[in-house]
Amino acid sequence: MRKKPYEERRKAQRLNISLPLEYRPVAGKSISSEKIFTRDISGSGVGLRLAYPVAKGARLGVLLHFPTDSRPVSSIGEIVWCTKRVVKGKKFYDVGVKHLKIAAKDRERFVFSFCE
């Protein structure tokens with residue numbers, strides 16, 4: 001049986017850019033904010049690499065830091081996929097986060113920073 005060719009479902013182009021990001025769950029476990037870097041970014045979401053799995057559908061409060069702006073862009077995101085990876089014996093999880101809500105002012109700054 002042949003595998004189907006991969007079909008890109010994203011509506012926005014991804015850029016492999018590593019930007020500082022802070023996140024915390026909107027509901028559920030009460031953990032402190034975690035600081036990591038994006039794996040990639042697009043107008044509709046961000047890709048992350050985490051040390052642990054996260055549940056599809058979980059909501060996150062996200063602060064994305066652009067080098068061209070001292071104020072972070074704040075959004076609410078939703079986990080749309082989480083895939084376990086093992087490379088050279090090290091386990092990690094690639095995660096896709098879709099932007100659900102960004103304030104109008106932050107959206108303008110995001111688009112401006114993202115397009116530069």
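FYI, side chains are in, hydrogens and waters are out, and symmetry mates aren't considered; it's all heavy atoms of this structure. None of the values given here were measured: they were computed from a predicted structure.
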State plainly whether one hydrophobic cluster holds both [X] and [Y], where clusters connect Ile, Leu, Val, Met, Phe, Trp and Tyr through side-chain heavy atoms under 4.5 angstrom apart.
| X | Y | answer |
| --- | --- | --- |
| Phe92 | Val97 | no |
| Phe37 | Val46 | no |
| Ile41 | Leu100 | no |

Atom pair [atom1] ([X]) and [atom2] ([Y]), whose distance is rounded to the nearest 0.5 Å:
| X | Y | atom1 | atom2 | value |
| --- | --- | --- | --- | --- |
| Ile79 | Tyr23 | CD1 | OH | 8.0 Å |
| Lys98 | Ser75 | NZ | OG | 12.5 Å |
| Leu19 | Thr38 | CG | OG1 | 4.5 Å |
| Leu50 | Asp94 | CG | CG | 8.5 Å |

Verdict with supporting geometry, Arg39 and Leu48, side chain to side chain contact (heavy atoms under 4.5 Å, CB included) | CA-CA 5 Å; Arg39 196 184 80 238; Leu48 308 175; 5.8 Å; no
Taking only residues two or more places apart in sequence, or in another chain, which ones meet His99 in a ring pair (Phe, Tyr, Trp, His ring centres under 6.0 Å)?
-> Phe110
Let me check something: any side-chain donor-acceptor pairs from residues 55-67 under 3.5 Å, sequence neighbours excluded? List them with distances.
residue, atom, partner, partner atom, Å
His65, NE2, Glu22, OE2, 2.8

Between Pro53 and Cys82, the two heavy atoms sitting closest are CA-SG, 3.9 Å
Considering non-hydrogen atoms only, spot the tightest contact between Tyr52 and Tyr93 and give its length.
-> C-CD1, 3.3 Å
